[in-house]
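The block underneath contains the structure these notes are about, expressed in structure tokens.
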Amino acid sequence: MTETAPLLLRAARGEQVERPPVWMMRQAGRYMKVYRDLRDRHPGFRERSENPDLSFEISMQPFDAFAPDGVILFSDILTPLPGLGIDFDIIESKGPIIEPAIRSQAQVDGLRPLNPAESVPFVGEVLGRLRAEVGNAATVLGFVGAPWTLAAYAVEGKSSKSYAVIKAMAFREPALLHQLLAHLADSIATYVRYQIDSGAQVVQMFDSWAGQLSPIDYDTFAAPYQKRVIDQVKASHPDTPLILYISGSAGVLERMGRTGVDIVSLDWTVDMAEGIARLPQNVGVQGNVDPGLLFGSPEGIRDRIVDTVRKARGRKHILNLGHGILPGTPEENARVFFETGKAVNDLVGATA
């Protein structure tokens, strides 16, 4: 069946492909008028992400508009937390709120193991519907948050700039934090397997806040738990490609490449050629156009894509942004990104 598999899946597996596949982090969202109109009718984020009809519709919006090579589940990295006993809300102007925050031994001891079929059945339903809808025209992507980032939200109780609360726990009560991270890792591994069984063909793990750690603390509090998730998933689903993304990852790229992931997603602060040189040959790369560039001219977008793809030639590569597309990005520039990605071989002047 390999010859009929969608392009992004074949590329993620390391097969020879006709061009780098292209999709965008946060490709379903606020930059699209069709999404904003739906949001006006359904203002609650959790309603949009946990109602399977709405999540499916939003997931399909960029595919219907731009036909990217990947269709990613519209959800949130915090979605599985209520199944563990950690409730949350997302306020449009403030972001996630977790009340009460998880800061005591009793709270960590009281966390439940995750049963996705019971606590997040809508995720499985949407992934199955997406797979049936797009067939081999695109790859269905699932995604999860990594243990450190989920712990950061749970312990801080909200987004943070300093991460002082979780770092205080790390350095004052490391055993408590390790217990929380282990519980999250095992639950997230279960969640990844559930997504794959439901229809996800590639899964991206976001450790969004691991870039806030020093390398020595990354080795202690982030990497072992990323690897714990990856090892469990690979034990049961060895052929499903896994992508790891960290914002601000320049200081830990080599460490990311040693976690067992198939692909490291680079942010835009690292030159593509230099990023590739710092990773093992068997590890692919994703990225890494600056999302801010999409506020510029079509010519500038095309030139940067060509530069990125040229530097990645000879390596397993998925074209993407270095972070999520920004609200307010002109939709026509998103179209330029996708169309340029699909025509990039002609622009580069050789097979990518």
Side-chain angles (χ1 to χ4, degrees), residues 25-26 72-73 75-81 83-84 86 88 95-96 98 102 108 111 113-114 116 120 123 141-156 159-160 163 166-167 169-170 177-196 200 202-235 237 240-267 283 286-287 320 322-324:
M25 287 182 274
R26 293 185 184 159
I72 189 165
L73 167 74
S75 185
D76 192 84
I77 61 171
L78 303 186
T79 293
L81 291 187
L84 305 178
I86 305 172
F88 75 96
I98 293 174
I102 305 301
V108 175
L111 295 178
L114 186 69
V120 288
V123 168
L141 295 124
F143 74 96
V144 298
W148 166 262
T149 291
L150 293 180
Y153 276 114
V155 172
E156 296 281 343
S159 297
S160 175
Y163 301 91
I166 191 168
K167 287 187 176 182
M169 181 183 287
L177 181 55
H178 281 298
Q179 181 183 342
L180 174 60
L181 290 166
H183 188 95
L184 289 169
D186 294 343
S187 296
I188 291 304
T190 299
Y191 189 37
V192 175
R193 291 195 295 261
Y194 174 73
Q195 290 193 16
I196 296 168
V202 176
V203 178
Q204 178 157 317
M205 181 161 61
F206 289 84
D207 212 348
S208 308
W209 308 128
Q212 300 293 324
L213 291 166
S214 68
I216 192 171
D217 295 319
Y218 177 86
D219 288 344
T220 302
F221 297 107
Y225 298 100
Q226 294 165 0
K227 192 172 188 303
R228 184 162 171 160
V229 174
I230 292 160
D231 287 349
Q232 290 183 51
V233 173
K234 287 296 185 181
H237 298 77
T240 299
L242 302 177
I243 305 171
L244 176 61
Y245 174 79
I246 298 174
S247 179
S249 59
V252 295
L253 277 187
E254 291 85 354
R255 289 165 163 81
M256 293 171 71
R258 295 194 289 266
T259 60
V261 291
D262 302 281
I263 296 166
V264 167
S265 191
L266 303 175
D267 73 11
V283 176
Q286 179 176 266
N320 205 316
H323 201 294

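Just so it is clear, the structure is predicted and the values come from calculations on it, not from any experiment.
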Beyond-backbone contact of Met25 with Asn320, side-chain heavy atoms, under 4.5 angstrom: yes
Closest non-hydrogen atom pair between Gly251 and Arg255, with its separation: O-NH1, 4.3 Å
Separation of Leu181 CG from Gln226 CD (nearest 0.5 Å): 10.5 Å
Spacing of CD1 belonging to Ile243 relative to CE belonging to Met256, to within rounding of 0.5 Å: 11.0 Å
Ser247 versus Asp267, closest heavy-atom pair with distance: C-OD2, 3.9 Å
Verdict with supporting geometry, Leu84 and Leu184, side-chain contact (heavy atoms from CB on, under 4.5 Å): CA-CA 9 Å; Leu84 305 178; Leu184 289 169; 3.6 Å; yes
Approximate separation, where rounding is to 0.5 Å, of Thr259 OG1 and Leu244 CG: 5.0 Å
Polar side-chain atom of Asp186 near backbone of Pro113 as donor-acceptor pair, under 3.5 Å: no
Exercise: identify the closest heavy-atom pair between Pro80 and Val120: CA-CG1, 4.3 Å
Flag, side chain of Gln195 to backbone of Val123, donor-acceptor distance under 3.5 Å: no
Verdict with supporting geometry, Tyr153 and Trp209, side chain to side chain donor-acceptor pair (under 3.5 Å): CA-CA 9 Å; Tyr153 276 114; Trp209 308 128; 3.3 Å; yes
Residues Leu177, Trp148; criterion side-chain contact (heavy atoms from CB on, under 4.5 Å); working and verdict: CA-CA 9 Å; Leu177 181 55; Trp148 166 262; 3.9 Å; yes
Qualifying residue, where the test is side chain to side chain donor-acceptor pair (under 3.5 Å) with Ser265 and the options are Gln286, His323, Gln204: Gln286
Side-chain donor/acceptor of Asp207 to backbone N/O of Ile246, under 3.5 Å: no
Taking every non-hydrogen atom, the tightest pair across Tyr225 and Ala185: O-CB, 3.9 Å
Euclidean distance, Ile166 CD1 relative to Leu180 CG, rounded to 0.5 Å: 7.0 Å
Heavy-atom pair with the smallest gap, counting every atom of Ile86 and Ala154: CD1-CB, 4.3 Å
Separation between OG1 of Thr149 and OH of Tyr163, rounded to the nearest 0.5 Å: 7.5 Å
Beyond-backbone contact of Ile98 with Pro96, side-chain heavy atoms, under 4.5 angstrom: no
4.5 Å side-chain heavy-atom contact, Phe143 and Thr79: no
Closest non-hydrogen atom pair, Leu213 against Ala222: CD1-CB, 3.9 Å
By salt bridge (Lys or Arg N to Asp or Glu O under 4.0 Å) - contacts of Asp262 (at least two apart): Lys234
Interatomic spacing from CZ in Phe88 to CG in Leu81 - rounded to 0.5 Å: 6.5 Å
Of Ile196, Val202, Val192, the residue whose pairing with Thr240 passes side chain to side chain contact (heavy atoms under 4.5 Å, CB included): Ile196
Note, Leu242 side chain near Met205 side chain (heavy atom, < 4.5 Å): no
Parallel, tilted or perpendicular, as decided by the 30° and 60° cut-offs, for the rings of His178 and Phe221: parallel
